[in-house]
Protein chains: 2
Amino acid sequence: MLKQERQAYILHQVNLHNKILAVDLCQHINVSNDTIRRDLQELADKGSIIKVHGGALSNSFHKGNLLPEAIYSHAKKQIIAQKAVSLIKDGMFVITGGGTTISELAKALPVELNATFISGSLTALMEYAKHPNIEVISIGDKVSKASKMSIGPDGIMKVRQFTSDLCFLGINAIDLHNGVSDNDWDVVQMKRAMIDSSKMTVCLTISEKINSLQPIQVCSLKAVDLLITELPADHPLLKPYADAGVRIL
Amino acid sequence: MLKQERQAYILHQVNLHNKILAVDLCQHINVSNDTIRRDLQELADKGSIIKVHGGALSNSFHKGNLLPEAIYSHAKKQIIAQKAVSLIKDGMFVITGGGTTISELAKALPVELNATFISGSLTALMEYAKHPNIEVISIGDKVSKASKMSIGPDGIMKVRQFTSDLCFLGINAIDLHNGVSDNDWDVVQMKRAMIDSSKMTVCLTISEKINSLQPIQVCSLKAVDLLITELPADHPLLKPYADAGVRIL
DNA sequence: TTAAAATGTGCAAAAAACTGCAAGTGTAGT
DNA sequence: ACTACACTTGCAGTTTTTTGCACATTTTAA
């Protein structure tokens, strides 16, 4: 087998599987691993692949999969935010949790929107406060370091004083049997209070968290009025939830 | 599984769930926890994640969002912050306003300090929440767009429930006849409540604001226990205030 | 305070990589 | 045909990387 032929094969395999082991190539092509190593080195020098100890990775792994992974999921959250924004009408009272998805929601709010936003998340509040026409109400209490949220009985009591039109929660895990679940007891208490005090509960999550489970249940599926992901509403992954009575957006 | 592949997976999981346990990773990837620990260490060294006992956290939350250089008279405010920090002892309850000077104070707090900080300023709260040993209590109410502070009767009532050891206020104007003055009615109400509810009131300001006047009086000079500027305590500009009974630092 | 879990460190085995070298191959010019 | 030469390939010895294990230490939780 010719050198160029061999390298073309390697490149093909790498791009196909996103990775390749040097030992596998040795067996497949039946050449010494020295030859394979030299091929990988040349391809890496040309920038066609990324050579690592034990084999090689596709370029898309770093440049198209890893770094943009953050951007990619960022894009997903923007899609989710757009859908969520469409639910908010002038004059509404909206209570929200925290997290990056909610921050995206805050950034996506149209400037002409007149509404009142209630939250205990410092990051979310900062975003809301930048908007010109939105009333912002901060829920105060002891601030949780992990979640950058005010959490405690005092805050929960304050939340219960409101009756909001919408409750937006970025969620960490949801599955058919256990509903929405999370891993922070105090945050869960706050989320429950938010759900109880609003007419409609909307859960926001990227699809990767669908069908995952965390130790503490926030609420059952019945309590979720609407589920928003970056996927289209008729996506098969969401079908079971639609069947269980959750509206999908 | 290749090392880079593994680390990419870890990074993905961390960014997805905002946290990950080392033991879980061991099971998922099926390698020894030594390997996982080394991976976490490397990722943490690169700054991709934050390594903690038992696993790792996403660093996306903890990145600072204020550029220090953008703050006016940044160096002077750091000097002020250093002086102010020297007043805080372990176990104290400290109530603070907002503004860039207070943010500098927050950044200058020593990591080993154990104290409780109370504030209604979103920016200040964000800074306090980054510190490991500080209890943070958020005062909630309607958020003022201009000052990024929670302000209103509810918040004032909450402030009055505390008796703090120290009250730090960044001030906009101070002069001999009118004492401390400001230009935002709601903010002034909150500042008054903070002064009333603490044993000692400390005013922080850069020297440019000394001998200036704003429309609304916050408090008289008598109510100010301590005045901190970037100038040395015996500077002639401050002499009249010392004569009037204000301690200078 | 005590027990369990997690961490750091040193070490050793296995895998992989690097280096130099020699044998094989193909090409071009004489 | 034959030689010179560049190029490729495989081999052996050494070095580096990776990984798991044992043990002492630290941290956490009850």
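Quick note on labels: first sequence line is chain A, next is B, and so on, each numbered from 1.
- In B/Asn30, the CG atom is not crowded: 12 or fewer heavy atoms of neighbouring residues, nucleotides or ligands sit closer than 6.0 Å.
- With rounding to the nearest 0.5 Å, the separation of SG in A/Cys203 from CG in A/Leu169 is 5.5 Å.
- If you measure from atom CG of B/Asp39 to atom P of C/dA6, you get 17 Å, rounded to the nearest angstrom.
- Among D/dA12, D/dA22, C/dA6, the nucleotide with an atom closest to any side-chain atom of B/Asp34 is D/dA22.
- Summarising the geometry, the separation between CD on B/Gln4 and C1' on C/dA17 is reported as 14 Å, rounded to the nearest angstrom.
- With rounding to whole Å, A/Ile36 atom CD1 is found 9 Å from D/dG10 atom P.
- One can place CD of A/Glu5 at 15 Å from P of D/dT8, the figure rounded to the nearest angstrom.
- A 6.0 Å sphere centred on NZ of A/Lys142 holds no more than 12 heavy atoms belonging to other residues, nucleotides or ligands.
- Residues satisfying the side-chain contact (heavy atoms from CB on, under 4.5 Å) test with B/Ile137, not counting sequence neighbours, are B/Thr116, B/Ile118, B/Phe162.
- In the set C/dT7, D/dT17, D/dA12, C/dT7 carries the atom at the smallest distance from any side-chain atom of B/Ala22.
- The side chain of B/Val31 sits closest to D/dG20 out of D/dG10, D/dG20, C/dC18.
- Two residues, A/Gly55 and B/Val52, neighbour DNA chain C, and the one matched to the more 5' nucleotide by heavy-atom proximity is B/Val52.
- With hydrogens and angles ignored, no donor-acceptor pair under 3.5 angstrom links the side chain of B/Arg38 to the base of C/dG8.
- Taking the side chain of A/Lys51 as heavy atoms from C-beta on, and the options D/dT17, C/dA6, C/dC18, the nearest nucleotide is C/dC18.
- Comparing B/Arg37 and A/Gly54 by the nucleotide of DNA chain C that holds the closest heavy atom to each, the one mapping nearer the 5' end is B/Arg37.
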